[in-house]
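This report concerns only the one structure given below.
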Amino acid sequence: MKDASGRSALLRATVVVVAEGGLRALTYRAVAAEAGVSHGLVRHHFGTRDQLIAEAMEYAIDESLRGSNMLSSGLTVHEFADGIESLADREAGIQSFQYELLLESRRRPELRPLAERHYQAYREAISRQLHRLGVDDAELTELIWFALDGIVFKQLVAPEDPAPAVRRIRALIERAAAG
């Protein structure tokens with residue numbers, strides 16, 4: 001297992017284990033079994049369970065944002081809104097993993113910095129996209145973030161068509177961009 005690709009495989013396996021069984025299911029053995037390696041390799045790469053969790057959260061945030069259009073440049077309002085909808089439809093495991101950690105951070109204060117990093121990353125991505133569209137509105141950024149967070153969570157629990165909410169978000173952005 002090459003170091004960089006090996007770490008990625010272990011992080012992907014961590015996401016799968018937590019998404020399917022919650023943080024209580026996260027053990028070196030469970031991650032190793034999911035990745036098809038020995039449990040000693042997990043310990044070797046990450047040292048502690050907390051380090052594994054922290055790196056897996058960073059991995060999940062990066063993969064989620066990269067898989068959406070949140071990091072793309074040159075988007076139209078329509079494409080940006082479509083990215084919000086696609087984020088709700090893609091990568092259920094990565095999204096589930098993130099929500100598991102967010103909920104666990106209520107019980108374990110040491111996980112709060114990971115929750116804060118999660119929220120900061122998405123807010124910043126939304127803010128950058130709005131800025132590229134000519135919109136510098138912190139309140140609209142917050143509104144879109146809260147809507148996106150709610151849409152994604154709803155899609156994980158009880159999926160339904162997010163198009164009406166996305167259309168409204170698109171209209172708000174278009175209005176703000178028109179000035």
Side-chain angles (χ1 to χ4, degrees), residues 8-9 11-26 34 53 56-107 111-112 114-179:
S8 291
L11 293 171
R12 273 192 305 279
T14 301
V15 167
V16 169
V17 168
V18 173
E20 291 177 357
L23 273 177
R24 289 178 186 85
L26 182 62
E34 181 64 35
I53 291 168
M57 182 59 133
E58 286 293 331
Y59 171 84
I61 291 167
D62 291 345
E63 287 296 305
S64 177
L65 289 172
R66 195 178 5 260
S68 72
N69 66 4
M70 293 285 179
L71 302 178
S72 302
S73 60
L75 297 178
T76 65
V77 171
H78 184 80
E79 291 166 334
F80 177 56
D82 285 349
I84 292 171
E85 189 168 359
S86 73
L87 189 60
D89 292 335
R90 307 181 67 254
E91 301 291 343
I94 286 177
Q95 302 305 330
S96 294
F97 170 83
Q98 290 177 86
Y99 284 115
E100 286 288 337
L101 258 69
L102 293 171
L103 290 171
E104 188 66 20
S105 74
R106 291 193 69 218
R107 295 180 284 277
L111 294 177
R112 286 200 185 118
L114 297 176
E116 290 167 7
R117 169 71 182 110
H118 166 86
Y119 289 122
Q120 175 188 10
Y122 285 94
R123 275 189 181 104
E124 286 176 358
I126 292 166
S127 180
R128 277 192 305 273
Q129 286 298 2
L130 288 175
H131 181 74
R132 288 180 183 133
L133 294 167
V135 178
D136 289 312
D137 184 336
E139 290 178 357
L140 184 58
T141 297
E142 286 299 299
L143 177 66
I144 292 170
W145 165 238
F146 283 121
L148 173 61
D149 200 30
I151 289 168
V152 171
F153 192 77
K154 173 74 168 78
Q155 292 301 92
L156 289 172
V157 176
E160 63 183 58
D161 184 13
V166 173
R167 277 194 304 273
R168 179 59 77 178
I169 291 168
R170 184 181 302 121
L172 290 170
I173 298 168
E174 287 170 345
R175 194 171 309 132

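Here the structure is a predicted model, which is why all the values come from computation and not from measurement.
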*CA sep, side-chain torsions, deciding dist, call: Tyr59, Val15, side chain to side chain contact (heavy atoms under 4.5 Å, CB included)*: CA-CA 9 Å; Tyr59 171 84; Val15 167; 4.0 Å; yes

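- Distance alone, capped at 3.5 Å, places no donor-acceptor pair between the Ser127 side chain and the Arg123 backbone.
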*Val166 and Arg170: side chain to side chain contact (heavy atoms under 4.5 Å, CB included), yes or no, with the steps?*
CA-CA 6 Å; Val166 173; Arg170 184 181 302 121; 4.0 Å; yes

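- Between Leu111 and Leu23 there is a side-chain heavy-atom pair separated by less than 4.5 Å.
- Of all the heavy atoms in Ala19 and Gly93, the pair that sits closest is CB-O, 3.4 Å.
- Here the straight-line distance linking atom CZ of Phe97 with atom CD1 of Ile53 works out to 7.5 Å at 0.5 Å rounding.
- Separating the CZ atom in Arg175 from the CG atom in Leu140 is a distance of 10.5 Å, to the nearest 0.5 Å.
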*Should Asp62 and Leu11 be marked as a side chain to side chain contact (heavy atoms under 4.5 Å, CB included) after you check the CA-CA gap, both sets of side-chain angles, and the distance that decides it?*
CA-CA 12 Å; Asp62 291 345; Leu11 293 171; over 6 Å; no

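- When all heavy atoms are compared, the tightest approach of Leu65 to Met70 is CD2-CB, 3.7 Å.
- Between Val17 and Ala25, the shortest heavy-atom distance links the atoms CG1-O, 3.5 Å.
- Listed here is the closest heavy atom pair of Ala60 and Ile94: O-CG2, 3.4 Å.
- Rounding to the nearest 0.5 angstrom, the gap separating the CD atom in Glu100 from the CG atom in Leu156 is 10.0 Å.
- Contact annotation: the side chain of Leu71 approaches that of Arg128 to within less than 4.5 Å [non-hydrogen atoms, C-beta and beyond].
- Annotation: the span from Glu63 atom CD to Arg66 atom CZ amounts to 4.5 Å, rounded to 0.5 Å.
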_Determine whether Gln129 and Leu75 satisfy the following criterion, side chain to side chain contact (heavy atoms under 4.5 Å, CB included), listing intermediate values before the conclusion._
CA-CA 8 Å; Gln129 286 298 2; Leu75 297 178; 3.5 Å; yes

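- Shown are Arg117, Glu124, Glu116; of these, the side chain to side chain donor-acceptor pair (under 3.5 Å) with Gln120 is made only by Glu124.
- Distance check, rounded to the nearest 0.5 Å: CD of Gln155 to CG of Asp161 gives 8.0 Å.
- By the neighbour-count criterion of 12 heavy atoms within 6.0 Å, atom CZ of Arg107 is densely surrounded, having more than that number from other residues, nucleotides or ligands.
- When side chains are defined from C-beta on, Leu130 does not count as touching Asp137, because their heavy atoms never get closer than 4.5 Å.
- Contact record, Arg132 with Ser72: NH1-O, 2.9 Å, taken as the closest heavy-atom pair.
- Heavy atoms from other residues, nucleotides or ligands lying under 6.0 Å from CZ of Phe153 number 12 at most.
- Between the side chain of Ser105 and the backbone N or O of Leu102, at least one donor-acceptor pair lies under 3.5 Å.
- A distance of 3.5 Å separates CD1 of Ile173 from CD1 of Ile144, quoted to the nearest 0.5 Å.
- At distances below 3.5 Å, at least one donor-acceptor pair connects side-chain atoms of Asn69 with backbone N or O atoms of Glu79.
- The aromatic rings of Tyr122 and Trp145 sit parallel, their planes meeting at an angle under 30°, below the 60° perpendicular limit.
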